Each structure stands twice: as C-alpha cells, then as structure tokens.
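Note that this is a predicted model, so its numbers are computed, not measured.
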Amino acid sequence: MTEFIRKRAANAKNDILSGLTVALALVPEAVAFAFVAGVDPLVGLYAAFMIGLITAIFGGRPGMISGATGALAVVMVTLVSRGNAMGSPDEELGLYYLFATVILMGIIQMMAGVFKLGKFVRLIPHPVMMGFVNGLAIVIFLSQLGMFKENIKDIYGNNMIKTESVEKIMTITDNQVYDGNTGKLLFVKDNNQLLDADSNALRYNISDGQVYDTSNNEVKFNIENSAIYSIEKKGFAKQWIPSKELMWMSGLVLLTMLLMFGLPKISKKIPDGLVAILVVSAIAIFGQLDVATVGSFIADGGGEGLKGGLPKFQFDIFNKVPFTWETFVFIGPYALILAAIGLIESLMTLNLVDELTETRGNSNRECLAQGGANIVTGFFGGMGGCAMIGQSIINIKGGGRGRLSGIVAALALLGFILFASGLIEQVPIAALVGVMFMVVIGTFAWSSFRILNKIPVSDLIVLILVSGLTVIFDLAIAVIAGVIVSALVFSWENAKRIRARKRMKEDGTKTYEIWGPLFFGSIQEFTNKFDVKNDPEKVEIDFVESRISDHSALEAVFNLVNKYEAAGKQIQLKHLSEDCKELLYKSNPKFREVIVEDIDDPRYHLAADPERFTKGLGEYDNL
C-alpha cells in the first residue's frame, strides 16, 4: 500500500508540474486563435479553460489537452464576419452566432458519441496517421514563425488588414470613378482621396492600394490604376520585427530549446519545459530586454490584456439570435464542419497519445466529452475547441499521464486570468516559442525519411498527400482525402487478386474454384473468368476460398446464373458460407434453386459484422 501511494504521489507531482507548463503554453495559442477567429482574446482563453477542464475530467484519454485551436478558428472567422453583417451597423452579432454554432457543434459531437461513431477512427491507415503527424508539426512550426513578426499599422495607426480583391465594382477613367454596372459617376479621385461626385465631400482615403472609409477608418475596397474591387479580409498584415529585437528573441528561443534538451540529461525528474520558461523569463525581466511578451502580443493584436472575470452565462444568445429555420440553415453547415474537424483532430490526437503512452483511450467517450464541453463553452462565452496536439505532446513529454494534468492546466489558466495576469503578461513570447519548437521536433515522424524507400509507393503518396493537405487546407480535408485514397488503393489491389482455377470432373461437369474477395472492384475480373458459350451442360462455381461482399457481387452472380440458364445449361453454386447464402437468398429467391447446401460449407462470416469475431471463444476459434 505504501508503494502504491508513493507511485500515485509521484504521478501527481508530474501531472501538476506538467499541467503548469501546459497552462503557460496555452495562453499565446488561445489568444492567437481568438485573433484569427476575429473575437476578443478572453473568448479564446475561456474556451481553453472550459473545454480543457471538462475533457480532462470526463474525456476518454487521460493526459490529452483540449482547448481553442487554429483548425477551428479559420472556419469561425467567416462565420463571425457573416454574422456581423446580419446585424445592424451599430450592433455586431457575429459573436452570438458563433456561440450558437458552437452549441450546435457540441450537440452533433455528442450524437457521434451516442451512436459510437468514434470507433471508425480505427479505419485510419498508418500512412494517414504519419502524414497527419508530420503535417501538423509543420503547421505548428509555421504558426510559431508568426511570433517573429509584428503587425503593420495603417494610415490611422490601427492594425492593417490584409485584403484580397474579389470582384471589380468600379472603373476609373481620367480620375473619374464610375459604377461598374450602371456607369454612373460616383467619385472624383484627387491624389489619395475619393471625393463625392455630387457634394465634393471627402468619402474615402487611399493608402497602399486600399480604400478606407473616413467615417469609421475601416478598409472597404482595393484599388488599382483603372478599377476598384470588393475585398475579402485575410487577417492582419505583418512584417518581421526589427533586426535587434529579432536577434534577442532568436537567442532566447535557442536558450529555451537548449535548456529543454539538456535538463533531462541531468535529471529526468526536472520539469524541463517549466524550468526553461522560468529561467528565460527571469533573464528577460531582470535583464530588461526589449523583447515581445505575452502582454505586448495581446496589445499588438488589438486586445486589452489578459485579466478578466469568471465566464458568464450568455443570456444574449436567446435575445439576439433568432431561433428560426433561416438561422439553422446559416449556422448548420458551419456547425457540421466544425464538429467534423474537431472530432477528427481529437481522435487522431487520441491515437497519437495512445502510441506515446502505450495505453488505450476511449474514442466514443471522448466524442461525448468534447461535445458536452463545446455545449458548455458556447453557453458561457467561449469559442469552442478540440484536442490540441502541441499541448498534449508537451504534457506527455513532461510526465503528465493522468486526468490531474489537464485539470491543473485548465485551473491554472483560469488563475492566470483572475489573479496573475500581470505576471503572465511579462513572460517573453520567445520562451513559449522555444517550447513549441521542441514540440515540433518531438512530433515530427523523422522515421518517415528512413522508410521512404521501404514502403509501398501508394503508402508513400498517401503520407505526402496528407502532410501537404494538412498544411495547405486543414486536418479534416487531409485525413478524409488520405482515407479515401487508401481505400481506393486497397480496393484496386484486392480487385486484381481474384482467381479462378478450372477443372473437369469425370461426369463432364466443369468446376470453377474461385479465390479472392468478390466485391464491386473485382466483379469485372470475376465475370471475365467464365466462358458461357463454350462451357459444358453442367457448371459448378466453388466459393470455398471466396466471399460475396456487397450488392455489386450479388448482381454479378445473379447475372452469371441467368446467362448460363439462358444458354440452356445447369449451374450450381457450392461452398458458400451461411452469411453469403443468407445474403443471396434475401436478394432473390432464385438462388435457392442453384445453391447446393453441404455439410462442409465454410463457417466464416462476412467482415460486415466484425464485432462477432470479438465475442470470445466459440465457433471462430479455428479462423
């Protein structure tokens, strides 16, 4: 008993220290993703706290960290923008539409858990998993490079918005601006200004190819020499920080990485990530180094600071979001996409943590916990989220294995918001970037380079495809595409494996002995094996080494039987398993006339019901 308590205490120490490290790493990530989604930093921090706490307590994978993520934020930014446009000019409703969408997203995820859809993560092939890990490592690395940049200011001193031209809406001729559809004169271009054509009043200012509304200093259009275009906003415009500051930041990042690399060699009991953050923070603070901090990062993004109160129930959701069919049509697709991305990323991360810890999580329980967490965070003003691979790796590498690590991380994050915002805002971004760079090194599957020439070409293509799509688009698209390609390759390879050995019996009956699965991909090869015109009067098809797997196979067998009977020949089907016979009998009564019942019929069952193979000992023991 003493030994048991000592081990539990040791695990508790590791969980607590690892949880504190994770909480520090969560702050800039949650803030950055809130900026990406176009909402206040506290919305991201509240989501990280609530989702992290609920999934840590009720989730299916102890040690896995959840919170606000970039994969969801990039979808939310369009939702928030469209939601704002649906309100009046002086009331932006995008945030409340976001909360309603997150609640619906959570309901969808809980339904996935109720119907036990989480088990389908087992269908994800290893090349897809390896591509996911590599792609996500690259995404984390690229996201951290953004920390070495600062926002560019526009002519009004605000953060400049990157804009992409969408559609030409006005034409410019001799400094006269005309409506692109009607040809009506709208403005007169005077240097860097657009004056109203009727009143000569100043309407817009022009700077760096962008047109700003003088009433609210907001960018409205893009302008070229002969045209003005409507725009799509693409986030803040950034530039590399000044060289001196860049040098100091790079040095602190490198120091953080060296500390995390060297400390475990001195003692495995040292929480390397936490110690590295504290040491580098002390150097930056007491050395009064001019480097970016958590506080300056929030301020540069337009936030007002880390400090806040407890999350509050958002009663305004019921007042400001109309509960109509039109609202459901608007938020439904976003909720479905967010739910799919969240579940795929969470279940993939769960599998990765399973491999790292050599334990097994519960995917369906994780679906329920993720869904419940998103419902709660939606009602209490969070932006929603899912599992975070970077923070999960930090936790596992730091010794966090139990639920306590996730609970400590969530509660510590809330503590930062309520009581320690002033201290946390002084932490240099460089220390947290160094920790994330070590996560990248630990996450990337370096063994993939070693096995490039040792795995099938198809698997190599899937690995590279998933890695690339994860970087270019998002995780959901990458994983779905990888699974589809893997399934198609599997089907193609199995379609080529069907064989038929032909032999003649003494009584003149011709027997076709079929090997390989009969399914939609192999029916063409199967049909080509038979010579209906030249075969004898009696034909047998022996399925002892084959299985009829789907509707296409049923149709192929049925058409073959009809061809032989139309030619006036007798055909029999032999050695079909009970499940195959059941499928055939159900599809068409005619099969009862041609199937031969025999005591030596095989006893295997179709893969359509794999659960029957896992019910213990019995008639399947000899398979």
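- Counting heavy atoms from C-beta outward, Val188 and Gln176 have side chains that approach closer than 4.5 Å.
- Put simply, the side chain of Asp179 never gets that close to the backbone of Lys184: no donor and acceptor are under 3.5 Å apart.
- When side chains are defined from C-beta on, Ile51 does not count as touching Tyr46, because their heavy atoms never get closer than 4.5 Å.
- Under the 4.0 Å criterion applied to side-chain N and carboxylate O atoms, Lys168 and Glu224 are not assigned as salt-bridge partners.
- Here the side chain of Gln314 pairs a donor or acceptor atom with the backbone of Lys312 at under 3.5 angstrom.
- Counting heavy atoms from C-beta on, the side chains of Tyr334 and Val75 come closer than 4.5 Å.
- Using modelled atom types, one finds a donor on one side chain and an acceptor on the other under 3.5 Å when comparing Thr324 with Thr327.
- In this structure, the side chain of Ser491 engages the main chain of Ala487 through a donor-acceptor pair within 3.5 Å.
- Under a 3.5 Å cut-off, the side chain of Gln426 and the backbone N or O of Gly422 do form a donor-acceptor pair.
- Thr377 places no side-chain N or O within 3.5 Å of a backbone atom of Asn374 that could act as its donor or acceptor partner.
- Side-chain contact check for Tyr204 versus Phe221: some heavy-atom pair is nearer than 4.5 Å.
- When atom types are taken as modelled, the side chain of Ser226 and the backbone of Ile172 share no donor-acceptor pair closer than 3.5 angstrom.
- Using a 4.5 Å cut-off on side-chain heavy atoms (C-beta onward), Leu104 and Thr101 make no contact.
- One finds the CD1 atom of Ile241 at 12.5 Å from the CG atom of Asn151 (value rounded to the nearest 0.5 Å).
- Checking Ser165 against Asn222 by side-chain atom types alone, a donor-acceptor pair falls below 3.5 Å.
- When the side chain to side chain contact (heavy atoms under 4.5 Å, CB included) test is applied to Val166, the partners found at least two apart in sequence or on another chain are Ser230, Glu232.
- Of the charged side-chain nitrogens involved, at least one lies within less than 4.0 Å of a carboxylate oxygen, so that Arg203 and Asp196 count as a salt-bridged pair.
- Taking the six-membered ring for Trp and thresholds of 30 and 60 degrees, Phe379 and Phe318 have nearly parallel ring planes, at less than 30 degrees apart.
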